[in-house]
Amino acid sequence: MEERTVQLTENGKVIAELPIKTGTMGPSTVDISQLYQQTGKQYFTFDPGFMATASCHSAITFIDGEQGKLLYRGYPIEQLAQKSSFLEVAYLLLNGQLPTQNELDTFTHNILHHTMINESLKMFYHGFHYNAHPVAVMIGVVGSLSAFYHDSINVYRQESRIISAHRLIAKVPTIAAACYKHSIGEPFIYPDNKLSYCGNLLRMMFAVPCEEYELNQTAERALDLLFILHADHEQNASTSTVRLAGSSGANPFACIASGIASLWGPAHGGAAEAVLDMLQEIGNVSQIDKYIQKAKDKNDPFRLMGFGHRVYKNYDPRAKIIRDTCHKVLNEFSNTSDPLFELALKLEEIAVTDDYFIERSLYPNVDFYSGMIYRSLGIPSNMFTVMFAIARTVGWVAHWMEMISDPRHKIGRPRQLYDGAVSRDYVAITER
Ligand code: ACO
């Protein structure tokens, strides 16, 4: 098939002819990688915030933001949420296809039998003040894994990459639960490899050595579902951070720590915690109008947290699934009368019928509801991003592996539009 191109003209003269690249789904891209050379080193492109820039090839996750569609390796998120499990989804994201029973059993065994962390890693926690934010602790401890695994340091060996991937997915719940235990001053609970991925996490978070712990299956399944929904979301800020950090060949544990740091921001994974803070600040239904007006006021920095998304200009499909689960979980934990949930529903009802939000396609996103579920499971709001990071570790690792094993991959190195001082001479301090 003949290659399609677009021409860039300046004053009617063609200065560059750029190939159009088309994937299997979604908009085509204009390949501008030769633009600088073709224009005689005259032009870069300018797109801060990546409003219209594809940063890489990827075959992991597809989003159609206009339709509100999300596919992992081609499978609709709705089907995976209903029929699959988090570890099966993890296998799918890492390997590209659904596992056979044998493949799933082997993968599950690998993950569930590498859950312990080095005893000396536990000392790191004690260096943090008791009231340190759990995400800050998690960034430090996950990053410090890079000091423990010198045997799998060569990122250019596929075997090393797989070992690092399994270690990260297996150990991140243990690290996360210890972040929580440290923050509340309780002893760390060792993992129990007989339990499921999420069952083990719940036990490590909520069991105490002096009492029997009974696992609640609704909580276990709700967590598994939330993890499926949060496992990947293509080139978002934290995934792009992991890719950029990893593009230099950096240690994978350090790269994942950088992803957690990026996820923490309230415009990204920190939104679930910010939603709860916002609902608490709004306080009751009579205040909603005031806050909707604040969100619409350009001179007020307040935004409705949990609303809007860079890619979805329709209802976030994950939010739809979570919304239903939210009712079920709240029912089971007899929390239906949670005033914050009532407030959230009312806020949603008003916001989705308000012209400001309709015109800008601002719908509730996944984090509008996830915090509510975590809260009903007894998980405090400062742990929400930690929970998100456990699930997203799978996506980060899948993207990191895809990038490193792609022979076309290069170190990421954006350029800039410099608008600082022009060249000038140094002035001695006595003459300034
Ligand atoms: N409340 C009020 N107004 C909003 C909101 C909001 N939550 N989000 C966007 N807008 C408005 C903007 O003011 C802007 O209005 P204008 O066109 O009149 O200037 C317009 O909608 C477009 O907003 P942008 O900031 O340009 O959109 P962008 O794609 O850059 O931002 C983002 C997306 C960061 C998610 C934004 O919607 C936001 O801040 N939402 C709240 C935080 C949040 O929930 N983040 C979680 C995202 S999901 C995730 O990461 C897992």
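Ligands are counted one by one from 1 in listed order, and the atoms in each one are counted from 1 as well.
There is a protein heavy atom less than 4.0 angstrom from atom 7 (N) of ligand 1. At a distance under 4.0 Å, no protein heavy atom can be found next to atom 27 (O) of ligand 1. Atom 22 (C) of ligand 1 is never approached by the protein to below 4.0 angstrom, counting heavy atoms only.
In terms of polar-atom proximity, defined here as any N/O pair under 3.5 Å, Lys313 makes no such contact with ligand 1.
Using a 4.0 Å cut-off between charged nitrogen and carboxylate oxygen, Glu78 and Lys320 do not count as a salt-bridge pair. One finds a salt bridge joining Glu186 and Lys181 here, because a Lys/Arg side-chain nitrogen approaches an Asp/Glu carboxylate oxygen to under 4.0 Å.
Ligand 1 places these atoms under 4.0 Å from at least one heavy atom of Arg310: 28 (P), 29 (O), 30 (O), 33 (C). Heavy-atom proximity to His268, at under 4.0 Å, picks out these atoms of ligand 1: 46 (C), 49 (C), 50 (O). Per-residue contacts place Lys298 under 4.0 angstrom from the following atoms of ligand 1 (heavy atoms of the residue considered): 13 (O), 15 (O), 16 (P), 18 (O), 19 (O). When each atom of ligand 1 is checked for a heavy atom of Ala271 under 4.0 Å away, the hits are 43 (C), 44 (O), 45 (N), 46 (C). Annotation for ligand 1: atoms under 4.0 Å from non-hydrogen atoms of Asp367 are 49 (C), 51 (C). Heavy-atom contacts of Pro266 reach the following atoms of ligand 1: 42 (C), 45 (N) (cutoff under 4.0 Å). Within the listing of ligand 1, atoms 43 (C), 44 (O) sit less than 4.0 angstrom from a heavy atom of Gly306.
Judged by the shortest distance from any of its heavy atoms, Phe302 lies outside the 4.0 Å radius around the atoms of ligand 1.
Using a 4.0 Å cut-off between heavy atoms, Phe388 contacts ligand 1 through its side chain alone, with no backbone atom that close. Counting heavy atoms under 4.0 Å from ligand 1, residue Val275 does not touch it at all. Residue contacts with ligand 1, taken as heavy atom pairs separated by less than 4.0 Å, involve Arg360 solely via side-chain atoms from C-beta onward.
Among Phe357, Phe307, Tyr363, Tyr356, the residue whose heavy atom lies closest to atom 41 (C) of ligand 1 is Phe307. Nearest to atom 47 (C) of ligand 1 by heavy-atom distance, out of Leu304, Val311, Ile292, Asn365, is Asn365. When the heavy atoms of His309, Met51, Arg303 are ranked by distance to atom 36 (C) of ligand 1, first place goes to Arg303.
Judged by a 6.0 Å distance limit and a 45° cone about the ring axis, Arg360 is positioned over the six-membered ring of Tyr356.
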Ring pair (Phe, Tyr, Trp, His ring centres under 6.0 Å) between Tyr149 and Phe253, intermediate numbers included: CA-CA 9 Å; Tyr149 296 114; Phe253 302 101; 5.5 Å; yes
Would Asp297 and Lys294 satisfy salt bridge (charged side-chain N to carboxylate O under 4.0 Å, His left out), going step by step from the backbone distance to the final call? CA-CA 5 Å; Asp297 181 355; Lys294 271 166 76 66; over 6 Å; no
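There is no side-chain donor-acceptor pair under 3.5 Å between Ser85 and Asp224. For the residue pair Tyr291 / Glu281, a side-chain donor-acceptor distance below 3.5 Å is found, with atom types taken as modelled. A donor and an acceptor atom, one from each side chain of Tyr374 and Glu273, are nowhere located under 3.5 Å apart. Side-chain contact of Gln158 with Ser405: a donor-acceptor pair under 3.5 Å is absent, judged by distance alone.
Atom 10 (N) of ligand 1 has its closest protein heavy atom at Leu362 CD1, 3.6 Å. Here the protein heavy atom with the shortest distance to atom 42 (C) of ligand 1 is Met305 CE, 3.4 Å. In this structure, the protein non-hydrogen atom closest to atom 35 (C) of ligand 1 is Gly308 O, 3.7 Å. Protein heavy atom in closest approach to atom 45 (N) of ligand 1: Ala267 O, 3.1 Å.
A ring-centre distance under 6.0 Å is found for Phe307 and Phe368. The aromatic ring centres of His309 and His233 sit less than 6.0 Å apart.
Classification of the His182-His126 ring pair by plane angle, with boundaries at 30° and 60°, yields perpendicular. Aromatic ring pairs are classed by plane angle as parallel below 30°, tilted from 30° to 60° and perpendicular above 60°; the pair His268 and Phe388 is perpendicular.
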